[in-house]
Amino acid sequence: MSTAQELWDDVDAYFTSLLAPADEALSATLRDSEASGLPPINVAPNQGKLLQLFARIQGARRILEIGTLGGYSTIWLGRALPADGRLITLEYDAKHAEVARRNLARAGLGKITEVRVGPALESLPKLAEERQDPFDLVFIDADKANNAHYVEWAVKLTRPGSLIVVDNVVRGGRVTEADSDDPSVRGTRAALELIATHPKLDGTAVQTVGSKGHDGFALARVVD
């Protein structure tokens, strides 16, 4: 008899093969990321397709990603942009950023994507100082301890109608542990509580099961 995880894997494999099949650029991104020693924590293919659909539903022209890794989710998001669109992705680790730049160039997205290196909480204020046009979608998938800070910056860098997606909010169910001393759990709970109380946000959270185990994401719309 199959375990729950085996069943989740089988369902994800079916959904992915039917609705989010890999191509050479995506497959090469995963291969190169693994060969470069990056942790295998990229989004699942069907989750990448979901991000792409969010961006297309938004009619996004400008996307901000916090947490690049090898650029796998960046490719899914970047493919939703028009030819004159722009995606800025923030990555803490210079090695990861270099891998991502190669992967994005191979995917034909080098001209519309920019990988900025350094702690996101240093890059975000600099981004605000540039006074660029607001972002239509923000995807947050970096260190979870700072999730609430990332959400706060996402609000500052967007406009009414923009979408904010926060990944990995279930933490295997540990998000319910109010007395947790795990920084990732505490940071995630703080972000969810901010979404619940912020006057400019209207959001929800959804738990998922699949090839990445028991997890989920939060989704918030910026309102007037």
Side-chain angles (χ1 to χ4, degrees), residues 9 12-13 15-17 19-56 60 62-81 85-124 127 135 137-147 150 153-154 164-171 184 187-188 208 210-213 215-217:
D9 289 346
D12 258 10
F15 286 161
T16 294
S17 64
L19 301 168
D23 55 37
E24 179 52 30
L26 289 168
S27 297
T29 293
L30 295 179
R31 288 197 305 268
D32 286 4
S33 295
E34 181 180 9
S36 299
L38 275 61
I41 55 174
N42 50 276
V43 301
N46 52 343
Q47 295 168 339
K49 182 65 174 292
L50 180 63
L51 290 171
Q52 187 179 94
L53 287 170
F54 282 154
R56 285 179 170 158
R62 288 178 52 79
I63 295 174
L64 173 64
E65 179 182 52
I66 304 175
T68 315
L69 197 62
Y72 184 76
S73 57
T74 322
I75 291 173
W76 281 107
L77 287 165
R79 286 177 171 178
L81 288 171
R86 189 69 174 163
L87 190 157
I88 296 176
T89 181
L90 310 180
E91 173 54 44
Y92 177 83
D93 189 296
K95 175 184 175 182
H96 295 180
E98 187 56 37
V99 173
R101 289 190 183 104
R102 293 199 304 268
N103 289 331
L104 291 166
R106 181 175 47 226
L109 296 170
K111 292 184 178 180
I112 66 171
T113 59
E114 178 187 357
V115 183
R116 299 193 180 191
V117 181
L121 291 181
E122 295 180 8
S123 299
L124 289 163
L127 192 57
F135 292 97
L137 185 148
V138 179
F139 178 47
I140 299 172
D141 189 15
D143 59 302
K144 312 309 174 186
N146 284 310
N147 269 344
Y150 297 148
W153 275 107
I164 300 171
V165 184
V166 186
D167 203 13
N168 307 128
V169 299
V170 172
R171 317 305 304 164
S184 294
T188 298
T208 61
S211 60
K212 298 298 181 179
D215 212 332
F217 61 92

Heavy atoms only: give me the nearest Thr74-Leu109 pair and the separation to one decimal. O-CD1, 4.5 Å

Could you pull out the closest heavy-atom pair between Ala154 and Val138, with the gap in Å? CB-CG1, 3.9 Å

Once salt bridge (Lys or Arg N to Asp or Glu O under 4.0 Å) is applied, do any residues pair with Arg86, and if so which ones, sequence neighbours excluded? Glu114

Closest contact, heavy atoms only, Leu124 versus Leu90: CD2-CD1, 3.7 Å

Rounded at 0.5 Å granularity, tell me how far CZ in Phe139 sits from OG in Ser73. 5.0 Å

Residues passing the side-chain contact (heavy atoms from CB on, under 4.5 Å) test with Asp143, sequence neighbours excluded, are Asn146, Tyr150

All side-chain hydrogen bond (donor to acceptor under 3.5 Å, both in side chains) counterparts of Glu91, not counting sequence neighbours: His96

Could you tell me the separation between the CG atom of Asp167 and the CG atom of Asp215, rounded to the nearest 0.5 Å? 6.5 Å

Thr29: what forms a side-chain hydrogen bond (donor to acceptor under 3.5 Å, both in side chains) with it, not counting sequence neighbours? none

Shortest non-hydrogen pair, Asn147 vs Thr188, comes out as ND2-OG1, 3.5 Å

Rounded distance (nearest 0.5 Å) linking atom CG of Leu69 with atom CG of Leu38: 5.0 Å

Sorted by chain and residue number, the side-chain contact (heavy atoms from CB on, under 4.5 Å) partners of Pro21 (sequence neighbours excluded) come out as none

Under the side-chain hydrogen bond (donor to acceptor under 3.5 Å, both in side chains) rule, collect the residues that match up with Thr68, sequence neighbours excluded. Thr89

Could you list the donor-acceptor pairs under 3.5 angstrom formed by side chains in residues 100-108, with sequence neighbours left out?
from	atom 1	to	atom 2	distance (Å)
Arg101	NH2	Val115	O	2.9
Asn103	OD1	Arg106	NH2	2.4
Asn103	ND2	Gly70	O	2.8
Asn103	ND2	Val99	O	3.3
Arg106	NH1	Asp32	OD2	2.8
Arg106	NH2	Asp32	OD2	3.1

Minimum heavy-atom distance Ile66-Ala120, with the two atoms named: CG2-CB, 3.8 Å

Verify the neighbour count for atom OH of Tyr92: are there more than 12 heavy atoms of other residues, nucleotides or ligands below 6.0 Å? no

Does Lys95 reach the main-chain N or O of Ser36 with its side chain, forming a donor-acceptor pair under 3.5 Å? yes

Show the atom names and distances, to 0.1 Å, of all donor-acceptor pairs under 3.5 Å that link a side chain in residues 44-56 to residues at least two apart or in another chain.
from	atom 1	to	atom 2	distance (Å)
Asn46	ND2	Asp12	OD1	3.0
Gln47	OE1	Ala44	N	2.9
Lys49	NZ	Leu19	O	2.7
Gln52	OE1	Arg56	NH1	2.9
Gln52	NE2	Trp76	O	3.0
Arg56	NH2	Arg79	O	3.3

Nearest 0.5 Å, please: how far is CG in Leu81 from CG in Leu87? 6.0 Å

Residues in salt bridge (Lys or Arg N to Asp or Glu O under 4.0 Å) with Asp141, at least two apart? Lys144

Tell me, please, which residues at least two apart from Leu127 pass side-chain contact (heavy atoms from CB on, under 4.5 Å). Leu64, Ile88, Arg116, Glu130, Gln132, Phe135, Leu157

Taking only residues two or more places apart in sequence or in another chain, which ones pass side-chain hydrogen bond (donor to acceptor under 3.5 Å, both in side chains) with Asp9? Gln5

